[in-house]
Amino acid sequence: MNTYALIILCTLLAEFFLHLIADILNLRALNDTVPREFDDVFDTEKYRTSQQYTRTTTRFGFLTSTIDIIILLLFWFAGGFNVLDTYVRSFHLHFIWSGLLYVGILILCKSLLTLPFSIYATFVIEERFGFNKTTPKIFILDLCKGVLLGILLGGPLFAGVLAFFQFAGANAWLYCWGLTILFLLTIQFIAPTWIMPLFNTFTPLENSELRENILSYAKSVNFSLQDVFIMDGSKRSTKSNAFFTGFGKNKRIALFDTLIASQSTDELVAILAHEIGHYKKKHILQGVCISILHTGIMFFLLSLFISDELLFTAFYVEEQSLYAGMIFFGMLFSPLEYFMNLAMNILSRNNEFAADAFAKETTQQPDNLISALKKLSADNLSNLTPHPFYAVLNYSHPPVLERIHALRK
């Protein structure tokens, strides 16, 4: 086993056991005593249900991750990457088509292996706890639309990257960086009006007290907002949420219909103030800039390793290829990627505190956001007291009790 193989193997196992330890600590931190702050939204029975939901999803997540890593290691050490490469080469296709076929087969196999777990999670676990509203028809349509978008959007991008590394020489990584930035910005621009409506219906919020209050608040903080949209989240789940996406004239704030049904007008304005806070605090721009920088670093490092013979030896592949080199580099890059994700989670949690503070300062009514957060936690059966180590590894948002304490200061 060469150095690259050892690094990748150790990283895979370390990440697996690190999350296992976090899961165990998180389960041990559960208890049946409702935090005093939530006495008004959780009764004893509902709180026990939320604890059971956490136990069930955690154990199921451990099962899926265990099977996932076992299959990956078996495929790797049985020479599966080389067998697939030999099969693809037998068609004697152009290198771009060979790359698309190779990666497409890997993604297809991965998707087929995870499909039963996705079905079980949706139609058994989510159903058991009263969340699921997804019908088999919607599930299948979502799957087909996702595959089609992956082919139409991801396929050309991957082909372009392969072409640049084949023909552009030492500057290939720069061209790939520019191509990917253009792709990401285009997706950000078209997603609200072209992609997201493929999965959900977005209806402008009708004239009402809620609409007037929202537009009045947006005007008070100098936020250009032509409309707010209601998303039919209830056709898949009873869980509630709100989000901000896009930029420029295409920026969009969407409220789940389930959220509107469970929150008061003042609470909804507070939630919207939080989302506007992300924009005003330039968290959206910050995320785009970090993504651009991350992509550049990744392509630069890829240019250094994509043709390294030892990388192919680590996966028992006999002939070098750009498409396989990209796959193998992705696994070698995973340790750095993992630590970058941890850093991004820290940044994200700080941004959530900042957006909460913005909502508090601009509405002058922190209790509205507090009550909204409490209702969201109850509606989604959130774990109110996660173990700190688990939160560090997994949470992009601070635990809700920490957010409430910060708002009360």
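Scope of the values below: all heavy atoms of this structure, side chains included, with no hydrogens, waters or symmetry mates.
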Exercise. Would one find more than 12 heavy atoms of other residues, nucleotides or ligands at under 6.0 Å from atom NZ of Lys282?
Worked result: no
Problem set entry | SB check Arg89 Asp85 (cutoff 4.0 Å) | yes
For this session: Verify the ring-centre separation between Phe305 and Phe333: is it less than 6.0 angstrom?
Result: no
For this session: Fit a plane to each ring of Phe91 and Tyr87, take the angle between them on a 0 to 90° scale, and name the class: parallel (under 30°), tilted (30 to 60°) or perpendicular (over 60°).
Result: perpendicular
For this session: Examine distances only and state if a side-chain atom of Thr122 and a backbone atom of Ser118 form a donor-acceptor pair shorter than 3.5 Å.
Result: yes
Exercise. What closest approach, in Å, do Phe202 and Pro197 show between heavy atoms, and which atom pair accounts for it?
Worked result: CE1-N, 4.1 Å
For this session: Kindly state whether the ring of Phe38 and the ring of Tyr47 have centres lying under 6.0 angstrom apart.
Result: no
For this session: Can you see which heavy atom on Lys235 is nearest to which on Ile138, and at what distance?
Result: O-CD1, 3.6 Å
Problem set entry | Partners meeting side chain to side chain contact (heavy atoms under 4.5 Å, CB included) with Lys219 (sequence neighbours left out) | none
Exercise. Taking everything shown except Phe75 itself, do over 12 heavy atoms lie less than 6.0 Å from its CZ?
Worked result: yes
Exercise. Are the aromatic rings of Trp76 and Phe81 close, with centres under 6.0 Å apart?
Worked result: no
Exercise. Sub-3.5 Å donor-acceptor pair from the side chain of Thr54 to the main-chain atoms of Ser50, do we have one?
Worked result: yes
For this session: Answer yes or no: is there a donor N or O on one side and an acceptor on the other, between the side chain of Ser291 and the main chain of Gly287, under 3.5 Å?
Result: no
For this session: Indicate, with yes or no, if the rings of Phe328 and Tyr4 have centres closer together than 6.0 Å.
Result: no
Seminar exercise, completed: Sorted by chain and residue number, the side chain to side chain contact (heavy atoms under 4.5 Å, CB included) partners of Ser111 (sequence neighbours excluded) come out as Ile107
For this session: Apply side-chain hydrogen bond (donor to acceptor under 3.5 Å, both in side chains) to the pair Tyr53 and Glu126, showing each step before the final yes or no.
Result: CA-CA 9 Å; Tyr53 181 64; Glu126 295 296 294; 2.6 Å; yes
Problem set entry | Salt bridge Asp23-Arg59, side-chain N to carboxylate O under 4.0 Å | no
Problem set entry | Atom NZ of Lys375 with >12 non-hydrogen neighbours under 6.0 angstrom | yes
Exercise. Can you name the one residue among Leu72, Asp68, Ile105 that meets side-chain contact (heavy atoms from CB on, under 4.5 Å) with Lys110?
Worked result: Asp68
Exercise. If you round to the nearest 0.5 Å, how far is CG of Leu373 from CG of Asn368?
Worked result: 11.0 Å
